[in-house]
Amino acid sequence: MRLFVAVIPPPAAIDELAAEVAQLRAALPERRGRLRWTEPANWHFTLAFLGETDEALLPELDERLSRAAHRHPAHELRFASGGRFGDRILWVGATGSLETLGGLARSARAAARRAGVPMDDAKPFRPHLTLARTAGHVNLKPYAEELADFRGRRWQVERLELVRSLLPASGIAGERPRYETVAAWPLGTRRAP
């Protein structure tokens, strides 16, 4: 199973960001096919990427991620500003309780490692939600600049989710992965056994 641990924003925050992205796309129309925009239904903040994971590790992952969620309180975030990773990825960032979110990310990575998942901890956690990826060279600077002043509504991070990424198998160009939640844990409370 290809897995990651994430925070998924609530529908109202997603809708607000989707409206902002629609305005961005109208203001800066790209050449056809040069940007692959992510679907709002798949928007999330990745806290830990587990990659291909043996299904036999799921019970241990469940227990350890439940503990990680228990150790961190619900907290407030909002989408804020935008940026880019070179000219490859356009993203929107966050503001709010980023220290708490960072601690949750560290705990999720540690939980996965202790459950037996090999983790690459070399990259520091940088909260971002991917909006688009490039197909070929696209100057993403104007897109990031358009997002610089964006501030979304406040929303509560209330749960941690283990998500399965189902990669496209049809061979159809442009098909995107599908995500499904495997398990979720409320923050700040221990799930009953």
Side-chain angles (χ1 to χ4, degrees), residues 1-9 13-14 17 21 35-39 42-54 57-58 60-62 64-69 71-73 75-141 143-145 147-148 150 152 157 159-167 176-185 187:
M1 301 176 78
R2 187 176 172 88
L3 300 173
F4 60 91
V5 181
V7 163
I8 299 176
I14 293 287
L17 179 58
V21 169
L35 284 177
R36 295 184 321 246
W37 293 91
T38 58
E39 295 293 325
N42 288 338
W43 285 348
H44 63 274
F45 286 98
T46 301
L47 303 184
F49 180 73
L50 282 56
E52 289 297 330
T53 304
D54 187 338
L57 296 178
L58 285 178
E60 186 70 14
L61 267 173
D62 180 76
R64 293 191 178 274
L65 288 170
S66 175
R67 285 186 217 157
R71 287 192 295 271
H72 298 277
H75 54 282
E76 190 174 89
L77 289 182
R78 68 194 301 178
F79 294 122
S81 195
R84 61 195 173 108
F85 296 133
D87 282 329
R88 298 175 298 112
I89 294 175
L90 176 69
W91 50 264
V92 67
T95 189
S97 300
L98 296 181
E99 191 171 307
T100 303
L101 184 66
L104 183 60
R106 287 188 297 278
S107 290
R109 289 176 181 187
R113 191 174 39 259
R114 289 182 185 118
V117 178
M119 296 297 297
D120 176 11
D121 290 331
K123 290 184 184 179
F125 174 67
R126 184 173 181 182
H128 69 281
L129 184 150
T130 300
L131 297 174
R133 291 179 174 82
T134 60
H137 177 73
V138 177
N139 179 5
L140 293 177
K141 185 176 181 182
Y143 295 90
E145 287 172 349
L147 287 168
F150 175 66
V157 176
R159 58 190 230 163
L160 182 66
E161 300 192 33
L162 180 63
V163 181
R164 181 178 185 182
S165 176
L166 300 162
L167 298 177
R176 306 284 197 275
R178 281 186 315 107
Y179 300 140
E180 66 181 25
T181 297
V182 175
W185 307 271
L187 298 184

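- At most 12 non-hydrogen atoms from other residues, nucleotides or ligands lie less than 6.0 angstrom from CD of E99.
- Considering only heavy atoms from C-beta on, L140 stays 4.5 Å or farther from I89 through its side chain.
- Atom CZ of R133 sits in a sparse spot, with 12 or fewer heavy atoms from other residues, nucleotides or ligands closer than 6.0 Å.
- Put simply, the side chain of E161 does not reach to within 4.5 Å of the side chain of Y179, judged on heavy atoms.
- Residues H72 and L160 are not in side-chain contact: their nearest non-hydrogen atoms beyond the backbone lie 4.5 Å or more apart.
- If you take CG on L187 and CG on L101, they are separated by 9.5 Å, rounding to the nearest 0.5 Å.
- The heavy-atom pair separating M119 from A48 by the smallest distance is CE-CB, 4.0 Å.
- To the nearest 0.5 Å, atoms CZ (R64) and OG (S107) are separated by 12.0 Å.
- In this structure, L131 and W43 have side chains that are in contact, with non-hydrogen atoms separated by less than 4.5 Å.
- With contacts defined as side-chain heavy-atom distances shorter than 4.5 Å, the pair L50/M1 does not qualify.
- Contacts of F125 classified as ring pair (Phe, Tyr, Trp, His ring centres under 6.0 Å), with partners at least two apart in sequence or in another chain: none.
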Task: CA sep, side-chain torsions, deciding dist, call: L90, V138, side chain to side chain contact (heavy atoms under 4.5 Å, CB included) - done: CA-CA 10 Å; L90 176 69; V138 177; over 6 Å; no
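- To the nearest 0.5 angstrom, R164 atom CZ is 5.0 Å from L166 atom CG.
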Task: Full working for side chain to side chain contact (heavy atoms under 4.5 Å, CB included) between V163 and V182 - done: CA-CA 5 Å; V163 181; V182 175; over 6 Å; no
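- For P73 against H75, the heavy-atom pair with the smallest separation is O-ND1, 2.9 Å.
- Counting non-hydrogen atoms of other residues, nucleotides and ligands closer than 6.0 Å to CZ of R114 gives a total of 12 or fewer.
- In this structure, CG in D120 is found 10.5 Å from CZ in R113, a value given to the nearest 0.5 Å.
- In terms of heavy atoms, P127 sits closest to L98 at CG-CD2, 4.0 Å.
- The closest side-chain heavy-atom distance from T100 to V157 is not below 4.5 Å.
- Here the side chains of V21 and V92 are not in contact, with every heavy-atom distance at 4.5 Å or above.
- The two residues L104 and A68 make their nearest non-hydrogen contact at CD1-O, 4.2 Å.
- T130 OG1 to F85 CZ: the interatomic distance, rounded to the nearest 0.5 Å, is 7.0 Å.
- When all heavy atoms of L129 and F45 are compared, the pair lying nearest together is N-CE2, 3.9 Å.
- Residue L3 is tested with V117, L57, L162 for a side chain to side chain contact (heavy atoms under 4.5 Å, CB included); the sole match is L162.
- H44 meets the side chain to side chain donor-acceptor pair (under 3.5 Å) test with T46; sequence neighbours excluded.
- Sorted by first and then second residue, the pairs that involve residues 87-98 and meet side chain to side chain donor-acceptor pair (under 3.5 Å), not counting sequence neighbours, are R84-D87.
- How far CH2 of W185 is from CZ of R159: 10.0 Å, rounded to the nearest 0.5 Å.
- The shortest side-chain heavy-atom distance between R2 and F49 falls under the 4.5 Å cut-off.
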